[in-house]
Amino acid sequence: MKRWWLFLFFGLALAQGTLDAREALRLALAQNPTYQNAQEALQTAQLELEALRADPSTLILPLTQAEHARALAEVQAKAAALSLLEQVLSAYTALAEAQVQEAVLLKKKALQERNLAVARAKRQAGNATELEVIRAEAALRQAEEDLKAALALRPARVKALEAALGKAVDEPRLAPLPEPQALGTELGALREGLEERLPALVQARQNLALAELEVRLADNDYTPRLTLEKARANLESARRALANALAQAEANLESAYAQAQAAWGQVELARENRKAAERSLESAQKAFAAGTLSQVQLLEAEVALAEADFALLQAKNAYLRALAALGVAAGVDLTGLLEVE
């Protein structure tokens, strides 16, 4: 019943042509095939474990393997949710940027059209060269091509969002993402418990535990010596595999953490640039009102602010994507967007 209401709610939202990030994530969690497969695998592992526990003839080795399978499936389901979050955010921000970029490029096109008209008028009056007109024409063509290229990418970005949602949709109008905040979690805190959150590490630890169990089961006077030696060799191999997996996971975590920190730095820089563009526009508006600035120069300041707004949007989105990637590397959601039912 709950899922039926979810589908109804999201169907109405999409029919109205709007979608926000939290709605997109909930819809993806309800319908994305990869995540649903992970959930089904978890349910199957749970049922198999319960069946073995209920059977009094179950031996310790298959029971341990079933317990491991259940624990691993749970971690894999959580990891699938984090990967889905990253996929949804990537597709969502790409389409959201495309929708905003179109308005910016239309403003740039209007500016270049105005510049060309001015250049032709000045040439007619003998106050501009033919080269200035050619340059203005080239700038307008470039603006038109940029707009055309941006529009051509929109269908692919819609398809990427559909793939993440697990549902075909008409292009919705995307709501802005929540205002991002600086990462408040230290790297050391993310390292803690890493072996319990990442599927690769959980599996490596399970392999080690299973190898230790096999050594204990073979270390007696009724098991062939070769079997014990082989179990001990497997144990050493499992120890090395866990150490290598942990080192790789920590390296990935450190890299993702550094990228998230760098992305936040770009957000702060883009905010400063946006403030500067806003101040420039305010000055341009006053100068235009005073008659000391032309209409074209005022339009240039307006376009500069629109570009700064778009650059800030891109920086914020890049930071959120970096947080999602860091979440995958750490095995925990750092965006505050993920809600696993």
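Residues: numbered from 1 along the sequence shown.
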Given Lys159 and Glu162, is the salt bridge (charged side-chain N to carboxylate O under 4.0 Å, His left out) satisfied, shown in steps? CA-CA 5 Å; Lys159 288 293 184 184; Glu162 289 178 340; 3.7 Å; yes
Could you give me the CA-CA distance, side-chain angles and deciding distance for Asn317 and Glu97, then say whether side chain to side chain donor-acceptor pair (under 3.5 Å) is met? CA-CA 9 Å; Asn317 288 347; Glu97 288 174 13; 3.1 Å; yes
With side-chain contact (heavy atoms from CB on, under 4.5 Å) as the criterion, how do Leu338 and Leu82 come out once you've worked through the C-alpha distance, each side chain's angles and the decisive distance to 0.1 Å? CA-CA 8 Å; Leu338 186 59; Leu82 292 170; 3.8 Å; yes
Could you check Gln266 against Gln314 for side chain to side chain donor-acceptor pair (under 3.5 Å), going step by step and ending with a plain yes or no? CA-CA 10 Å; Gln266 291 301 309; Gln314 288 181 306; over 6 Å; no
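The minimum heavy-atom distance between Ala80 and Ala38, with the atom names listed, is CB-CB, 3.8 Å. The minimum heavy-atom distance linking Phe310 with Val100 is given by the pair CD1-CG1, 3.9 Å. Residues Leu42 and Ala73 come closest through the heavy atom pair CA-CB, 3.8 Å. In terms of heavy atoms, Ala204 sits closest to Leu242 at CB-CD1, 3.7 Å. Between Tyr319 and Ala182 the shortest heavy-atom distance is OH-C, 3.4 Å. The shortest non-hydrogen separation linking Arg191 to Glu250 is CD-OE2, 4.3 Å.
Note on Glu145 versus Arg141: no salt bridge recorded, every NZ/NE/NH1/NH2 to OD/OE distance being 4.0 Å or above. At a threshold of 4.0 Å, the pair Arg70-Glu74 counts as salt-bridged, since one of the basic side-chain nitrogens sits closer than that to a carboxylate oxygen. Comment: Glu67 engages Arg53 in a salt bridge, judged by a side-chain N to carboxylate O separation of less than 4.0 angstrom. Contact check on Arg173 versus Glu102 returns no salt bridge, with no Lys/Arg side-chain nitrogen under 4.0 Å from an Asp/Glu carboxylate oxygen.
Without hydrogens or angle criteria, Thr292 side chain to Ala287 main chain gives a donor-acceptor distance under 3.5 Å. With Asn32 contributing its side chain and Ala164 its backbone, the two residues share a donor-acceptor pair below 3.5 Å. Formation of a donor-acceptor pair under 3.5 Å by the Gln36 side chain with backbone atoms of Leu29 is found in this model. Counting only distance, with no hydrogens or angles, the side chain of Thr335 and the backbone of Leu323 share no donor-acceptor pair below 3.5 Å.
Side-chain atoms of Gln46 and Glu50 include a donor-acceptor pair closer than 3.5 Å. Residues Gln203 and Asn207 bring no donor and acceptor atom of their side chains to less than 3.5 Å of each other. The closest side-chain donor-acceptor pair between Gln112 and Gln142, if any, does not fall under 3.5 angstrom. A donor and an acceptor atom, one from each side chain of Gln259 and Ser255, are located under 3.5 Å apart.
The 12-atom threshold is exceeded at NZ of Lys316, counting heavy atoms of other residues, nucleotides or ligands nearer than 6.0 Å. Glu130 CD: more than 12 foreign heavy atoms inside a 6.0 Å radius. Within 6.0 Å of the CD atom in Glu236, the count of heavy atoms belonging to other residues, nucleotides or ligands exceeds 12. Counting non-hydrogen atoms of neighbouring residues, nucleotides and ligands closer than 6.0 angstrom, the CD1 atom of Ile60 reaches no more than 12 such neighbours.
Applying the side chain to side chain contact (heavy atoms under 4.5 Å, CB included) test to Arg274 and every residue at least two apart in sequence or in another chain returns Glu278, Leu305, Ala308, Asp309, Leu312.
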